[in-house]
Amino acid sequence: MHETEHDLLKVRRDKLHLLREEGIEPYGERYIVTHQAENIVVEFPSLEESKEEVSIAGRIITKRGHGKAGFAHIQDITGQLQVYVRLDSVGEKQHRLFGILDIGDIIGVRGHVFKTKKGEITLWVKELILLSKSLRPLPEKWHGLKDVELRYRQRYVDLIVNPRVKDVFIKRSRIIQAMREYLNEAGFLEVETPMMHTIAGGAIARPFITHHNALDMQLYMRIATELHLKRLIVGGLEKVYEIGRIFRNEGISTRHNPEFTSVELYQAYADYHDMMEITEGCIAHIAKKVLGTYKVAFQGQEIDLTPPWERITMVDAIRKHTGVDFAPAGTTVEARKLAEGLGLEVDKDATRGTIIYHVFEERVEDKLIQPVFILDYPIEVSPLAKRREDDPDFTYRFEAFIVCSEIANAFSELNDPVDQKERFEYQLQQREAGDDEAHMMDEDYVQALEYGLPPTGGLGIGIDRVVMILTDSPSIRDVILFPTLRPKE
RNA sequence: GAGCCAUUAGCUCAGUUGGCAGAGCACCUGACUUUUAAUCAGGGUGUCCCAGGUUCGAGCCCUGGAUGGCUCACCA
């Protein structure tokens with residue numbers, strides 16, 4: 001084995017054959033596990049006293065042989081535990097097995113626990129069983145796996161060797177669980193609506209297109225859950241939510257993945273003020289439940305999620321951060337002058353509303369570190385939101401920002417079918433003029449509104465971004481197990 | 001889609017002015033019954049991302065390409 005052949009994979013395959021020759025099956029069966037690494041540490045005092053036999057299974061992470069004895073650390077989902085294997089305790093066959101084992105192999109061990117001279121809680125092995133032979137070497141224990149591309153492409157390896165990564169995804173699961181808890185507790189009904197749409201609606205975005213063979217028709221992967229959920233409000237379900245994957249055929253960045261997870265919820269007889277309470281209440285509940293605190297550190301900044309969050313209208317936010325007040329600028333011409341005064345370029349066919357939105361994006365968004373609700377978006381950029389009664393240029397819509405990231409988008413839903421149809425028709429004109437992101441006409445949705453949508457508050461939260469903030473992750477790829485990548489070759 | 005950067009052993013990384021491809025860990029052989037980044041003695045295991053070019057000679061210089069990261073654009 002040692003002359004010329006040093007290939008790491010070959011060595012492990014040879015060991016596989018050696019094991020079979022020794023009568024040891026390298027791929028074992030069900031193994032009864034009485035404890036996990038963490039339980040053993042927690043219950044150590046009583047386990048030590050009783051000499052009770054425990055069994056644990058996991059992957060070998062380190063291994064140190066000492067002739068007739070040896071140590072290894074095995075890792076399960078809760079952490080690591082040292083095991084001590086000596087010839088006179090396990091017998092010759094299992095001792096020889098220990099010698100053949102590699103880092104990465106999955107084993108089951110049974111024995112009692114004790115503390116070594118150096119004080120480490122350790123399992124004194126009486127029985128050692130190979131559960132699965134690993135044929136590939138793991139990355140180095142000390143530096144771990146750093147290569148970002150490998151970490152994303154081979155997330156399973158990343159999870160094995162980088163404990164923080166496992167923590168992030170366990171937290172992600174708990175975050176979503178806490179969100180469900182909060183919404184269920186508040187009386188919301190979880191529903192599932194189609195992911196394949198004949199009309200991609202509910203947002204302004206470019207969809208993925210697919211095809212159904214039997215029906216010979218084009219389908220779109222959903223870009224939002226909005227329109228189906230509001231149909232359910234028409235149907236009388238009153239409080240519904242859906243947590244699920246959304247697909248948008250757009251750019252990829254540290255904040256955008258082509259598929260991402262959102263929660264959208266709709267509540268009959270509510271408005272966007274109720275949605276603000278749900279947003280801050282839900283996020284704060286999650287933080288408390290998962291992290292035990294309302295104060296989280298994100299990339300060195302302390303973020304305080306304690307409700308209530310600041311509420312400020314878009315126009316006031318612009319005045320606060322730039323000193324320029326757009327409220328008195330009642331016309332497009334006046335608004336344009338103010339924007340240009342701030343050094344911004346203004347599009348030819350911009351309107352007062354799109355100018356205000358543009359100024360907000362360019363001059364305010366990147367200053368919104370602490371949680372804040374930006375209220376009252378211009379009508380032009382809010383095709384599904386209800387128009388303000390006192391100021392028809394604006395809508396009852398808000399977005400929530402934390403560390404410059406848009407976390408939530410909500411509004412008092414437009415429930416006037418005639419107004420809705422007109423807005424779709426406007427979008428249709430934009431589409432015919434070449435804007436392939438403009439909203440498609442959804443006749444059935446308009447018809448649903450004609451049956452009567454009660455006054456409704458609606459809210460969408462980008463779950464990936466919430467997870468980013470709560471796990472101090474600078475890239476969305478750090479909170480998505482398998483982010484979208486090009487194939488290697 | 002554009003700009004900048006990266007790609008060398010299984011992993012983490014060095015690599016000088018263009019002159020024989022390097023280290024640590026991992027791995028292999030041997031010793032060792034409480035070690036723990038175990039130790040001791042020995043062993044370098046490679047498509048230097050790919051394809052061309054310049055050159056007596058390319059990991060290094062030039063051109064094109066691939067993948068990834070960051071920034072920008074689009075967007076949530």
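Everything numeric here is computed off the predicted structure, so don't read it as measured data. Atoms considered below: every heavy atom in the structure, side chains included; atoms not considered: hydrogens, waters and symmetry mates. Lettering of chains follows the sequences in order, A, B, ..., and the numbering in each one begins at 1.
- Aromatic pair F373(A)/F398(A): ring centres closer than 6.0 Å.
- No side-chain N or O of E380(A) forms a donor-acceptor pair with one of Y357(A) less than 3.5 Å apart.
- Nucleotide rA23(B) has rU12(B) as its partner under the Watson-Crick or G-U criteria, with both atom distances under 3.5 Å.
- Using a 4.0 Å cut-off between charged nitrogen and carboxylate oxygen, D105(A) and R59(A) do not count as a salt-bridge pair.
- Across all strands shown, rG57(B) remains unpaired; no Watson-Crick or G-U wobble contact has both distances below 3.5 Å.
- The nucleotide whose nearest atom lies closest to any side-chain atom of A69(A) is, among rU33(B), rA76(B), rG68(B), rU33(B).
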Inset, instruction - List the protein contact pattern of nucleotides 6-13 of chain B with one symbol per nucleotide (5' to 3'): B for base contact, S for sugar-phosphate-only contact, - for none; contact means a heavy-atom distance under 4.0 Å. - result: ----BBSS
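- Of the candidates rA38(B), rU34(B), rG69(B), rU34(B) carries the atom nearest the T116(A) side chain, counting heavy atoms from C-beta on.
- Counting non-hydrogen atoms under 4.0 angstrom, I204(A) reaches the backbone sugars and phosphates but no base.
- rC49(B): Watson-Crick or G-U partner is rG65(B), with both key distances under 3.5 Å.
- Counting only heavy atoms from C-beta on, K15(A) has its side chain closest to rC28(B) among rA37(B), rU34(B), rC28(B).
- Under the 6.0 Å cut-off for aromatic ring centres, Y220(A) and H197(A) do not qualify, their centroids lying 6.0 Å or more apart.
- The ring of Y396(A) has its center no closer than 6.0 angstrom to the ring center of F411(A).
- Contact annotation for G251(A): base contact, defined as any heavy-atom pair under 4.0 Å involving a base atom.
- Spacing between rG42(B) and rU47(B) at atom C1', rounded to whole Å, works out to 29 Å.
- As judged by a 4.0 angstrom heavy-atom cut-off over every strand, S262(A) is placed among residues making no nucleic acid contact.
- Proximity note for T254(A) (side chain, C-beta onward) versus rU67(B), rA26(B), rU71(B): the nearest is rU71(B).
- For K68(A) and rG30(B), the NZ to C1' distance is 14 Å, given to the nearest whole Å.
- Figure legend. rU35(B) is base-paired to no nucleotide; pairs are counted as Watson-Crick or G-U wobble with both atom distances under 3.5 Å.
- Pair check for rG1(B) finds rC72(B); Watson-Crick or G-U wobble, both atom distances under 3.5 Å.
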